[in-house]
Amino acid sequence: ARKNAPSIIFIDELDALVFTENNEIKIDKVERVGQNSNITIFFVKAKNKAELIGKNGKNIKQMRKEYGNIVVKIMLW
């Protein structure tokens, strides 16, 4: 065992790492939404990613005002 390794994992820190699916957020071109306390992930098909982000990030900037930190990921399934 390492000497400096923390022996307790705090519940709040663990919750911040867990993403839950959010079915309440409905956005065109977004297939699924994952969310935790810090970030929202929008899962999209590859062909829809650019359209969702918008020219010069215009669309994503508007969404950030509503949802906070956003990541757009391409669905692999």
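The model shown is predicted, which means the values in this text are computed figures rather than measured ones. Atom set for the values below is all heavy atoms of this structure, side chains included, hydrogens, waters and symmetry mates excluded.
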Minimum-distance pair of heavy atoms, taken over all atoms of [X] and [Y]:
X: Glu21; Y: Asn23; value: OE2-OD1, 3.5 Å
X: Gly54; Y: Asn59; value: CA-ND2, 3.5 Å
X: Ile39; Y: Val71; value: CD1-CG2, 3.2 Å
X: Leu52; Y: Asp28; value: CD1-O, 4.1 Å

Discussion item. Under a 3.5 Å distance rule, please check whether Asn22 uses its side chain to pair with a backbone N or O of Glu24 as donor and acceptor.
Written reply: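 Present.
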
In Å and rounded to the nearest 0.5 Å, what is the [atom1] to [atom2] distance from [X] to [Y]?
X: Tyr67; Y: Ile41; atom1: OH; atom2: CD1; answer: 15.0 Å
X: Phe19; Y: Thr40; atom1: CZ; atom2: OG1; answer: 8.5 Å
X: Gln62; Y: Ile70; atom1: CD; atom2: CD1; answer: 10.5 Å
X: Leu76; Y: Phe43; atom1: CG; atom2: CZ; answer: 9.0 Å
X: Ile60; Y: Phe42; atom1: CD1; atom2: CZ; answer: 6.5 Å

Item to complete: May I ask you to check whether over 12 heavy atoms, not counting those of Asn38, lie within 6.0 Å of atom CG?
Response: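 For Asn38, atom CG is crowded (more than 12 foreign heavy atoms under 6.0 Å).
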
Item to complete: Sequence neighbours left out, what passes salt bridge (Lys or Arg N to Asp or Glu O under 4.0 Å) with Lys29? Give chain and number order.
Response: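 For Lys29, the residues satisfying salt bridge (Lys or Arg N to Asp or Glu O under 4.0 Å) (neighbours in sequence not counted) are Glu51.
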
Fill in: Contacts of Arg64 that satisfy side-chain hydrogen bond (donor to acceptor under 3.5 Å, both in side chains) - sequence neighbours left out
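Once residues adjacent in sequence are excluded, Arg64 has no partner under the side-chain hydrogen bond (donor to acceptor under 3.5 Å, both in side chains) criterion.
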
Discussion item. Test side-chain contact (heavy atoms from CB on, under 4.5 Å) on Val33 and Ile27; report intermediate values, then the result.
Written reply: CA-CA 9 Å; Val33 178; Ile27 298 175; 5.9 Å; no

Discussion item. When you compare the side chain of Gln35 with that of Ile25, does any pair of heavy atoms fall below 4.5 Å?
Written reply: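 They are in side-chain contact.
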
